[in-house]
Amino acid sequence: MKQAILITAYKDIDQILNIINYFPNNFNFYIHIDKKSDVDLTPLKNIEDKNINVYNSYIVNWGGINHLKAILLMAEEAIKDDENSYFHLISGQDYPAKSIDYFENKLNQTKDHLEFFEMPHKAWGDDGGMSRIEYYNLYDVFDAKRSNNKIQFFIALQKKLRIKRSLPKEFPKFYGGSAWWSLTRDTLQYVLSYAKKNQKLLTRMKYTFAAEEIFFQTIIMNSAYADNVINDNLRYIDWNSGRGGYPAVLDSSDFPEIISSNKLFARKIDTEIAKKLKRLLTGEG
């Protein structure tokens with residue numbers, strides 16, 4: 001059986017190639033590159049000894065619905081291969097933090113690894129993240145990097161006018177958490193089947209901020225598959241130091257903590273800054 005690596009990215013093809021080359025041929029890759037990106041995809045398409053599937057179907061705005069759609073596209077393609085038994089969703093700025101032997105022989109591939117918490121939750125601000133789904137978040141209309149003030153103004157206006165979106169009634173509880181996960185075939189198949197049968201849910205996720213951080217958690221944790229979930233996505237992420245932003249850009253100083261953790265992937269990785277860190281993680285010193 002094989003493992004599938006699903007990657008969402010918009011830049012730094014060299015970093016993506018580093019990820020691909022880390023894994024042997026029994027790992028399959030499904031990569032979505034933001035359609036508005038101008039990166040050259042030729043290096044990805046010219047690798048002959050790996051199973052690499054590249055898509056650039058969606059223009060992905062930060063916080064918008066198309067990131068979720070890109071993830072679902074890759075998942076639907078990956079699930080078609082009956083040999084894929086375990087699935088990892090990562091970003092193009094991740095890097096493996098465990099050996100191939102660990103991935104193949106020590107990782108518990110019978111369990112789902114997913115961060116989750118019931119909403120509202122203090123991790124998501126004063127309202128516990130409910131504004132993500134109760135108001136129209138126009139991240140699909142405006143690029144947050146240029147027009148975040150307009151987005152926030154429109155949310156404030158809705159609050160002032162007491163306009164709230166109704167929540168989908170099929171879920172007794174809503175859950176959120178990190179976008180990144182490692183899932184069994186059965187659980188991922190359930191999510192995709194549920195989404196296909198209940199397409200109004202994906203429609204309702206439009207104008208939800210970072211819907212990919214709610215969609216999977218809510219479907220899975222309201223199902224029988226909740227019992228199979230370990231509340232840990234196995235990603236090493238530094239949200240505290242602020243070194244280079246949030247999450248922090250990792251470097252070689254993070255190696256001792258990464259290597260002593262149980263995490264499968266480390267993020268956020270910059271090709272230039274993390275050169276030494278990647279050598280350490282691959283055992284090259």
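Start at 1 with the first residue, then count along the sequence.
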remark   = Nearest heavy-atom approach of Arg185 to Ile79 is NH2-O, 2.6 Å

Lys206 atom NZ, neighbour heavy-atom count above 12 within 6.0 Å = no

task = Check whether any side-chain N or O of Thr282 sits under 3.5 Å from a backbone N or O of Arg279 as a donor-acceptor pair, and report yes or no.
result = yes

inquiry  = Listing request: all side chain to side chain donor-acceptor pair (under 3.5 Å) pairs with a residue in residues 116-129, at least two apart in sequence or in separate chains.
reply    = Asp127-Ser131

message = Please determine whether residues Phe23 and Val54 belong to a single hydrophobic cluster, defined as Ile, Leu, Val, Met, Phe, Trp and Tyr linked transitively by side-chain heavy-atom distances below 4.5 Å.
response = yes

query = Can you check salt bridge (charged side-chain N to carboxylate O under 4.0 Å, His left out) on Asp140 and Lys69, steps first, answer last?
reply = CA-CA 12 Å; Asp140 293 301; Lys69 289 183 177 180; over 6 Å; no

request  = Count the heavy atoms of every other residue, nucleotide or ligand shown that sit under 6.0 Å from NZ of Lys36, and state whether that count exceeds 12.
outcome  = yes

inquiry  = Can a donor-acceptor pair be found, under 3.5 Å and without considering hydrogens, that links the side chain of Gln217 to the backbone of Glu115?
reply    = yes

ask   = Can you tell if the side chain of Met119 reaches within under 4.5 Å of the side chain of Thr218, non-hydrogen atoms only?
value = no

remark   = All heavy atoms of Ser37 vs all of Tyr10, minimum pair found to be OG-O, 2.7 Å

request  = State, with a plain yes or no, whether a side-chain heavy atom of Gln158 is found less than 4.5 Å away from one of Phe154.
outcome  = yes

ask   = Sub-3.5 Å donor-acceptor pair from the side chain of Asn28 to the main-chain atoms of Ala4, do we have one?
value = no

key: Ion pair Lys263/Asp232, N-O distance below 4.0 Å   = yes

query = Measuring from Leu138:CG to Asn148:CG, what's the distance to the nearest 0.5 Å?
reply = 11.0 Å

query = Quick one: do Leu6 and Leu17 end up in the same hydrophobic cluster if we chain Ile, Leu, Val, Met, Phe, Trp and Tyr together by side-chain heavy atoms under 4.5 Å apart?
reply = no

note = To the nearest 0.5 Å, atom NZ of Lys45 lies from atom CD1 of Ile47 at 12.5 Å

key: Separation between OH of Tyr135 and NZ of Lys164, rounded to the nearest 0.5 Å   = 4.5 Å

task = Indicate yes or no for a side-chain donor-acceptor contact from Asp112 to the backbone of Leu183 under 3.5 Å, with no hydrogens or angles considered.
result = no

task = Please test Arg243 against Val249 for side chain to side chain contact (heavy atoms under 4.5 Å, CB included), starting from the C-alpha separation and ending with a verdict.
result = CA-CA 6 Å; Arg243 188 177 61 238; Val249 177; 5.8 Å; no

ask   = When you check the gap from the basic side-chain N to the acidic O, do Asp251 and Lys276 get nearer than 4.0 Å?
value = no

ask   = Would you find a donor on one side and an acceptor on the other, under 3.5 Å apart, between the side chain of Asp238 and the backbone of Ser241?
value = yes

query = At their closest point, which heavy atom of Tyr86 faces which heavy atom of Asn108, and how far apart are they?
reply = OH-O, 3.9 Å

message = Quick check on side-chain contact (heavy atoms from CB on, under 4.5 Å): which of Leu44, Leu41, Val39 does Ile16 satisfy it with?
response = Leu44

ask   = Between Ala97 and Ile259, what is the shortest heavy-atom contact and its length?
value = O-CD1, 4.1 Å

ask   = Which pair of non-hydrogen atoms, one from His113 and one from Lys111, has the smallest distance, and what is that distance?
value = CD2-O, 3.7 Å

inquiry  = Does any part of the side chain of Ile90, heavy atoms only, come nearer than 4.5 Å to the side chain of Arg235, both counted from C-beta?
reply    = yes

message = Just by distance, no angles: are the side chains of Asp40 and Thr42 close enough, under 3.5 Å, to form a donor-acceptor pair?
response = yes

Please report, to 0.1 Å, the donor-acceptor pairs under 3.5 Å made by any side chain of residues 170-181, with sequence neighbours excluded.
residue: Ser178; atom: OG; partner: Trp180; partner atom: N; Å: 3.2
residue: Ser178; atom: OG; partner: Asn233; partner atom: ND2; Å: 2.9

message = Is there a continuous path of hydrophobic side-chain contacts, each under 4.5 Å between heavy atoms, that joins Leu107 to Phe29?
response = yes

inquiry  = Quick test of your reading of the model: are Asp143 and Lys145 salt-bridged, counting only N-O distances below 4.0 Å?
reply    = no

task = Verify, without hydrogens or angle tests, whether Arg204 (side chain) and Ser166 (backbone) share a donor-acceptor contact under 3.5 angstrom.
result = yes

request  = For the residue pair Asp254 and Tyr236, establish whether any side-chain heavy-atom pair is separated by less than 4.5 Å.
outcome  = yes

request  = Write down the atom of Phe209, the atom of Ile214, and the distance for their closest heavy-atom approach.
outcome  = O-CD1, 4.4 Å

key: Inter- and intrachain pairs under side chain to side chain donor-acceptor pair (under 3.5 Å), touching residues 87-96, at least two apart   = Gln3-His88, His88-Ser182, Ser91-Asp94, Ser91-Arg267, Asp94-Arg267

ask   = Judged by atom type as modelled, is there a donor-acceptor pair below 3.5 Å linking the side chain of Lys50 to the main-chain atoms of Ile20?
value = yes

task = Kindly determine whether Asn84 and Tyr30 satisfy side chain to side chain donor-acceptor pair (under 3.5 Å), including the steps that lead there.
result = CA-CA 12 Å; Asn84 287 333; Tyr30 303 83; 3.0 Å; yes

inquiry  = If hydrophobic clusters are built from ILVMFWY residues whose side chains come within less than 4.5 Å, do Leu201 and Tyr136 share one?
reply    = no

inquiry  = With heavy-atom distances below 4.5 Å as the criterion, would you say the side chains of Ile219 and Tyr190 are in contact?
reply    = yes

query = Are the side chain of Ser260 and the backbone N or O of Glu257 linked by a donor-acceptor pair below 3.5 Å?
reply = yes

ask   = Is the count of non-hydrogen atoms from other residues, nucleotides or ligands lying under 6.0 Å from Tyr207 atom OH greater than 12?
value = no

message = Main chain of Tyr139, side chain of Asn137: is a donor-acceptor contact present, judged purely on distance under 3.5 Å?
response = no

query = Can you tell me how far CG of Leu72 sits from CZ of Phe215, rounded to the nearest 0.5 angstrom?
reply = 5.0 Å

task = Consider only side-chain N and O atoms of Gln189 and Ser193, and report whether a donor and an acceptor are under 3.5 Å apart.
result = yes

request  = Dump the intermediate steps for side chain to side chain contact (heavy atoms under 4.5 Å, CB included) on Leu277 and Ile269, then the final yes or no.
outcome  = CA-CA 9 Å; Leu277 174 60; Ile269 297 293; 3.8 Å; yes

query = So among His67, His32, Glu212, which one has a side chain to side chain donor-acceptor pair (under 3.5 Å) with Thr8?
reply = His67

request  = Assess whether ring-ring contact (aromatic ring centres under 6.0 Å, His included) is satisfied between Phe265 and Phe103, documenting all intermediate values.
outcome  = CA-CA 11 Å; Phe265 296 94; Phe103 273 90; 5.5 Å; yes

inquiry  = What's the separation between atom CG in Asn66 and atom CG in Asp34, rounded to the nearest 0.5 Å?
reply    = 9.0 Å

message = Is there a continuous path of hydrophobic side-chain contacts, each under 4.5 Å between heavy atoms, that joins Ile7 to Leu114?
response = no

Criterion side chain to side chain contact (heavy atoms under 4.5 Å, CB included) on Glu104 and Asn26, from CA distance to verdict = CA-CA 10 Å; Glu104 294 182 333; Asn26 57 328; 2.8 Å; yes

request  = Supply the atom-to-atom distance Asp12 CG to Asp270 CG, rounded to the nearest 0.5 angstrom.
outcome  = 6.5 Å

task = Before giving the answer on side chain to side chain contact (heavy atoms under 4.5 Å, CB included), spell out for Phe117 and Asn231 the whole-Å C-alpha distance, their side-chain angles and the decisive distance to 0.1 Å.
result = CA-CA 9 Å; Phe117 43 75; Asn231 193 356; 5.8 Å; no

task = Might you confirm whether atom CG of Asn149 has over 12 heavy atoms from other residues, nucleotides or ligands at distances under 6.0 Å?
result = no

ask   = Hey, are the side chains of Tyr58 and Leu73 touching, using non-hydrogen atoms and a 4.5 Å cut-off?
value = yes

